[in-house]
Amino acid sequence: MNIAAKMTYNVAQDQRFLDAALRLARKHQGLTGTNPSVACVIVSQTNFGAKIVGSGVTAKGGRPHAEPPALAESGELAKGATAYVTLEPCAHHGKTPPCAQNLIDSGVARVVTAVMDPDNRVNGKGHQMLIDAGVEVTQMDGGIAVQRVMQGYLKARTSSRPFVTLKIAMGEDGLMGSTQEGNLKISGKASSLQTHLHRARHDAILVGSGTALFDDPNLDCRLPGLENRSPIRVILDEKSKLEETATVISSALATPTIVVSPITAPQEWRQMLARNSVQHQVCEIEDGRIALPELMDDLAAKGIQSVMVEGGARIAESFLKEDLVDEIVIHVGGNPDKPETSDQAVYAPFNANNFPAGFELKQTLKFGEDTSLRLRKKS
Ligand code: AOF
Ligand code: ZN
């Protein structure tokens, strides 16, 4: 028997099912194009307690949305049930009919959502449609879990720019690299695994061609089971220095690579990129450097909603100066070997005791010997 409509709500239970939906949404995170990966969990209150009777996640590519498969699985059991949806259900006739209407037609008594949809075709209209049809709507605070899954979509929809995470590894004194060798080896094994998980959660990873040439990294995600979540690699190369032998170029067929350089890049060099299936993104130059705000606009227009910046000190500084950073992850490792002379040492533009202005510490984690700090821009 369904008794949800007569119940007083159990906040802890709501949180538990919404969290379950947020975990499910991560299944297709980064695989749904410009659509967010949303999940819907239908819960029926029976005499034996609350029971999930259907669930769905936005399909790869972005359609169908999450609600139709969840409701199809629930069938008649949706009547009087509660739907937990990680995003306000859509109200528009797009490539599929409105999910809010789908929920109304199914007979659910209540819809619990984690966040409003800023898409101006929805933006409160989904909730209103439900309320007008007599469905109870509760919008909960999705907390950090909703940030993890939705931050790229929410940022791209509200600002036409991707969500930018700046990741930096440094010694306790802020030392991160050497002018002779590029980035120093700082993080331990556990931090590296965490970095791979972070990469998997972003649509793109961005470094400068200096890092790509010095370190010759793969910049992919090599965690078992998450290999297909490697982000697109974006390499800033204002002077067209990348060579065909660089791993990011030679492996572009397996892991897509975008190389960013001005229109003046030599023709043969561009042909080399094309021969290796590397996309060339033409950029504007300002004061001799790649214009980052315009580049972020261009990446968002390509459907890239989140970028992890893993470059060196110079790139970190430029992103901060342009006010493009939303989150900073600092891995503080033991003391890396200092370069031979002090003028070869490259320091981060901030350190673990002196955060950039406008950022606040949100989380401190320990990975083996290393400490990881997560800072967020104050809102
Ligand atoms: C939902 N459930 O699972 C998703 C939603 O191009 P369309 O027609 O697919 O519309 C895209 C918009 O639909 C997207 O910007 C967002 O507002 C919403 N996504 N809504 O109810 C879902 N993925
Ligand atoms: Zn929808």
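Atoms within a ligand are numbered from 1 in the order they appear, just like the ligands themselves.
- Taking distances strictly below 2.8 Å, the protein N/O/S atoms close to the Zn ion (ligand 2) are His65 ND1, Cys90 SG, Cys99 SG.
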Less than 3.5 Å apart, which donor and acceptor atoms pair up between the side chains of residues 138-147 and the rest of the protein, not counting sequence neighbours?
unit_1	atom_1	unit_2	atom_2	d
Thr138	OG1	Arg110	NE	3.4
Thr138	OG1	Arg110	NH2	3.1
Asp141	OD1	Gly143	N	2.9
Gln147	OE1	Arg376	NH1	3.3

For Asp117 and Tyr153, what are the C-alpha separation, side-chain angles and deciding distance, and is it a side-chain hydrogen bond (donor to acceptor under 3.5 Å, both in side chains)? CA-CA 10 Å; Asp117 185 353; Tyr153 169 74; 2.6 Å; yes
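- Taking 4.0 Å as the cut-off between side-chain N and carboxylate O, Arg222 and Asp220 count as a salt-bridged pair.
- Side-chain atoms of Gln45 and Gln13 form a donor-acceptor pair, as typed in the model, at a separation below 3.5 Å.
- Taking the six-membered ring for Trp and the full ring otherwise, the centers of Tyr84 and Phe17 sit less than 6.0 Å from each other.
- Hydrophobic cluster membership of Leu226, counting Ile, Leu, Val, Met, Phe, Trp and Tyr whose side-chain heavy atoms lie under 4.5 Å apart directly or via other members: Leu193, Leu197, Leu223.
- Protein residues with a heavy atom under 4.0 Å from ligand 1 are Asn35, Pro36, Val38, Thr58, Arg63, His65, Ala66, Glu67, Pro89, Cys90, His92, Gly94, Lys95, Cys99, Asp117, Asp119, Arg121, Val122, Tyr153, Arg157.
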Please assess Thr58 against Asn35 for the test side-chain hydrogen bond (donor to acceptor under 3.5 Å, both in side chains), listing each intermediate value before the final yes or no. CA-CA 8 Å; Thr58 313; Asn35 229 321; 5.9 Å; no
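- Residues Thr371 and Lys366 bring a donor and an acceptor atom of their side chains to less than 3.5 Å of each other.
- The one candidate from Val43, Ile52, Val53 that meets the side-chain contact (heavy atoms from CB on, under 4.5 Å) condition with Ser74 is Val53.
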